[in-house]
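Order of the sequence lines sets the chain letters (A, B, ...), proteins ahead of strands, with each chain counted from 1.
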Protein chains: 2
Amino acid sequence: MLEARLEQAQLLKKVVDAIKDLVQDCNFDCNDSGIALQAMDNSHVALVSMMLKSESFSPFRCDRNIALGINLTSLQKVLRCAQNEDILTLKAEDAPDVVNMQFESADNDRLSEYDIKLMDIDQEHLGIPDTEYAAEISMPSSEFQRICRDLTALSESVSIECTKEGVKFACSGDIGSGSVTLRSHTDVDKPEKNIDIRLTEPVALTFSLKYLVNFCKASGLSDSVKLCLSSEVPLLVEYALSNNSYLRFYLAPKIGDEE
Amino acid sequence: MLEARLEQAQLLKKVVDAIKDLVQDCNFDCNDSGIALQAMDNSHVALVSMMLKSESFSPFRCDRNIALGINLTSLQKVLRCAQNEDILTLKAEDAPDVVNMQFESADNDRLSEYDIKLMDIDQEHLGIPDTEYAAEISMPSSEFQRICRDLTALSESVSIECTKEGVKFACSGDIGSGSVTLRSHTDVDKPEKNIDIRLTEPVALTFSLKYLVNFCKASGLSDSVKLCLSSEVPLLVEYALSNNSYLRFYLAPKIGDEE
DNA sequence: CCCGCCACCC
DNA sequence: GGGTGGCGGG
């Protein structure tokens, strides 16, 4: 059986808010190391990979591998019944028909309980290779969100160009063109504002802004986001969570005329 | 060429926010004294006159007269990509196709750059006579905004009646009638709350509230607003900016049955 | 793509 | 309490 207790319901609320426009139904794969989710969006351009390590729960117990096939719209509806500060407990049997979710207010004077029906979902298992990227950029997640939103006013695509000088987000469209350039920046007093660029090789790729804006819904999960790029492979957008848990998005670059 | 650097992008952001519902496309006329804009609204009832003196920029350089014909919706989209505290630099060649706008974060780790395509706009040049007004009323801009917003609940028009007793904003409509009367008021401790009425002759005129509410979008530019009235001439609503720069709106009075 | 509503911050 | 930014709906 599975029993997993999360101190703050808002973690799961925000994760689901951030991915449910990309994925309708998917398995939450539970085993003794935690709860994982991998799914491609309908158009197979983007991929979501979530890992909530067992250490992010207390307690966490999962004796056997269990796949919980869940409709994310249903899950979101139920999670909206939890308050951000509630303690959330997930429970499931070994061959479950439902997943049970409990929300407790911190002061213990309220207990809500929901059962969500599960579905069988064909697991297209996705091997994601562990890539060494040509460029890794860490920046405030709010800044990345702002850049993507700003450039949406001009175009549907953005080129991300990373050199040793910095990283440049650029696009052009009917009303004109625009770019935002960031340089590395370290401020020990405001580490949450740091911009860190690690480069082994210059790289320039073009991506759909619509997807990037969508990924940025995860900004509330982490002050910082990491972008990893290499030529001709999908961009990785990673929101690191506590205890090595994470929410990652992959996005295939646009190629040739698509740009 | 033009090169004009504004310490705070929010000045231009707010100016454009305040006028873009009145005017779609217009020329920014640049010369060595600064950047000016004059345009009538589509219905020719209202007129906008902006003057940003060269002293409001540092540095300011403009060798020759340049008219930058800009679609204000496009400009607003681009200005939304600037943060309020960014340093804004406008650049244009002598016979430009585009105007270049740069936004720098104060700490210099972000540089955004946009080019907006220009358009040819027929300049209907507007001579605005320098009028001696029968009444000049200065008041907190937030108070004027509040009065206009409040009275909108009752009517589409407001009469502004200025006597030596004070100034009365009055209207009536289906659900009833209402008025707000202000007297002169000076408080040396709170000069931003002062109400100053200078009168050479009593005057009473009626105006469209819709336009006045629109003008009040400029309230964020200045703590104070000045209303200037004389019989049978347009009302002047002036927001004074630093360095003798200003944003002025003119509004023709309603006459006879229109009221 | 734009407008209105809701939540968070000042 | 007001204003601004983000999210959802038309």
Do other residues, nucleotides or ligands put more than 12 heavy atoms under 6.0 Å from the CG atom of B:N84? yes
For nucleotides 6-10 of chain D, give me every protein contact, N/O to N/O, under 3.5 Å, one pair per line with atom names.
residue : atom : partner : partner atom : Å
D:dG6   : OP2  : A:R149  : NH1          : 3.0
D:dG6   : OP2  : A:R149  : NH2          : 3.2

Carboxylate-amine/guanidinium contact A:K13 A:D17, below 4.0 Å: no
Calculate the interatomic distance between A:R146 atom CZ and D:dG5 atom C1'; express it in whole Å. 10 Å
Just wondering, more than 12 heavy atoms not from A:R110 lying within 6.0 Å of its CZ? yes
Using 30° and 60° as the class boundaries, would you call the ring planes of A:Y239 and A:F249 parallel, tilted or perpendicular? perpendicular
Would you say that more than 12 heavy atoms from the other residues, nucleotides or ligands in this model lie under 6.0 Å from the NZ of B:K117, or not? yes
Counting only heavy atoms from other residues, nucleotides and ligands, does the tally under 6.0 Å from CG of B:D120 exceed 12? no
Atom pairs under 3.5 Å: protein N/O with N/O of nucleotides 2-10 of chain C:
none

Would you say A:Q76 has more than 12 foreign heavy atoms packed within less than 6.0 Å of its CD? yes
Residues which pass side chain to side chain donor-acceptor pair (under 3.5 Å) with A:N71, listed by chain and number, not counting sequence neighbours: A:D25, A:S74
